[in-house]
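Chain letters run A, B, ... following the sequence lines, proteins first, then strands; residues in each count from 1.
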Amino acid sequence: MKPIQIKTTVLTLGVVGASLVYFFFNPSRYPFFPKCPFFTLTGFYCPGCGSQRAFHALLHGQLVQAAGFNLLAILAFPFLAYAALVYFMKHVFGIFLRQEIFYRPWFSWTVLGFVLLFWVLRNLPFVCFAWMAP
Amino acid sequence: MEQHEVPASEGIWSPRPKNWLVESILVTIFCCLPFGIVGIIYAAQVNTKFDLGDYLGATRMARDARKWTLISLIVGGGWIILLLGFGLFSSFFFGMHHWFWPQGGF
């Protein structure tokens, strides 16, 4: 096997394995899921807090609950899924799909803006932003 | 992941550097560390600089995007392994007192 084939196999097995774990175990009920280091150290939510619970909810088709745990992860999901599709098609079938959006400056700056805005807003102690907290 | 395009202001052909945007978004969301955001900042600069024709700057930013994404991945991955290990370790040893004091204790 070539290194890229090993990498693709490991990534695919990792994603499938993680999906199975997050499908069958609810991160809010089982204690063995890792806690966010930023939250543990500072007590503030980071932009990724709640993404494990959001992934669990998403795998069960509960889109609204998932967005309540981590809106950013749910917004990013279609793009990440598309990136995974591009990678998979390229390295498994040799088919090259368009992925210009990841190389457009406006897109990456928008991502950065969303992440920073979400990070600040979900930590503000106002009722109107409470739904953004995990 | 690299794409081959020619920036407008450069006469010679140069490959568009891999910008690590998807990877840095992934570590930002799943590794819960602010280092991933540094990766996103560099990834955005790769795109901006390349489109301005600054190929050297884009390559330099791509290197830093890679560096910060990997730092985030390693620190986040280390944290996860540490916590998983500690969780299993402590549940084993804190559960052990039931062998000696079945009625409770501690």
So which residue, Val46(B), Ile81(B), Ile80(B), Val75(B), ends up with the most heavy-atom pairs under 4.5 Å with chain A?
Ile80(B)

Counting only heavy atoms not in Phe129(A), do more than 12 sit closer than 6.0 Å to its CZ atom?
yes

Please confirm whether the backbone N or O of Phe30(B) pairs with a side-chain atom of Ser51(A), one donor and one acceptor, at under 3.5 Å?
no

Which heavy atom of Phe102(A) sits nearest to which heavy atom of Asn19(B), and what is that distance?
O-ND2, 2.7 Å

Against chain A, label Leu21(B) side chain, backbone, both or neither, depending on which of its atoms sit under 4.5 Å from a heavy atom there.
side chain

Does atom CZ of Phe33(A) have more than 12 heavy-atom neighbours, drawn from other residues, nucleotides or ligands, at distances under 6.0 Å?
yes

Is there a path of hydrophobic side-chain contacts, each under 4.5 Å between heavy atoms of I, L, V, M, F, W or Y residues, that connects Val16(A) with Phe24(A)?
yes

Taking all non-hydrogen atoms of both residues into account, name the closest pair between Asp51(B) and Arg104(A) and its distance.
OD2-NH1, 4.3 Å

Give a yes or no on whether Trp131(A) and Phe69(A) share a hydrophobic cluster (residues Ile, Leu, Val, Met, Phe, Trp, Tyr; joining criterion: side-chain heavy atoms under 4.5 Å apart).
no

Nearest heavy-atom neighbours spanning Pro17(B) and Tyr103(A):
O-CE2, 3.6 Å

Measure the shortest side-chain to side-chain distance between Asn47(B) and Phe107(A) over non-hydrogen atoms and say whether it is less than 4.5 angstrom.
no

Do you know which two heavy atoms are closest between Ile40(B) and Ser108(A), and how far apart they sit?
CG2-O, 4.2 Å

Is it possible for you to say whether Leu59(A) and Ile74(A) belong to one hydrophobic cluster, with membership spreading through side-chain heavy-atom contacts below 4.5 Å?
no

Is there a path of hydrophobic side-chain contacts, each under 4.5 Å between heavy atoms of I/L/V/M/F/W/Y residues, joining Leu11(A) to Ile74(B)?
no

Side chains of Thr40(A) and Trp79(B), donor plus acceptor under 3.5 Å:
no

Proximal component of Ile41(B), with respect to chain A [non-hydrogen, under 4.5 Å]
both

A quick test of your reading: do over 12 heavy atoms of other residues, nucleotides or ligands sit less than 6.0 Å from CZ of Arg66(B)?
no

Phe96(A) versus chain B, heavy atoms under 4.5 Å apart: side chain, backbone, both or neither?
neither

Is Ile95(A) linked to Ile101(A) within one hydrophobic cluster, defined over Ile, Leu, Val, Met, Phe, Trp and Tyr using a side-chain heavy-atom separation of less than 4.5 Å?
yes

Spell out the residues in residues 111-122 of chain A that have some non-hydrogen atom less than 4.5 Å away from a non-hydrogen atom of chain B, in order of number; otherwise answer 'none'.
Val111(A), Leu112(A), Val115(A), Leu116(A), Trp119(A)

Rounded to the nearest 0.5 Å, the CD1 atom of Ile29(B) sits from the CG atom of Leu80(A) at a distance of 5.5 Å

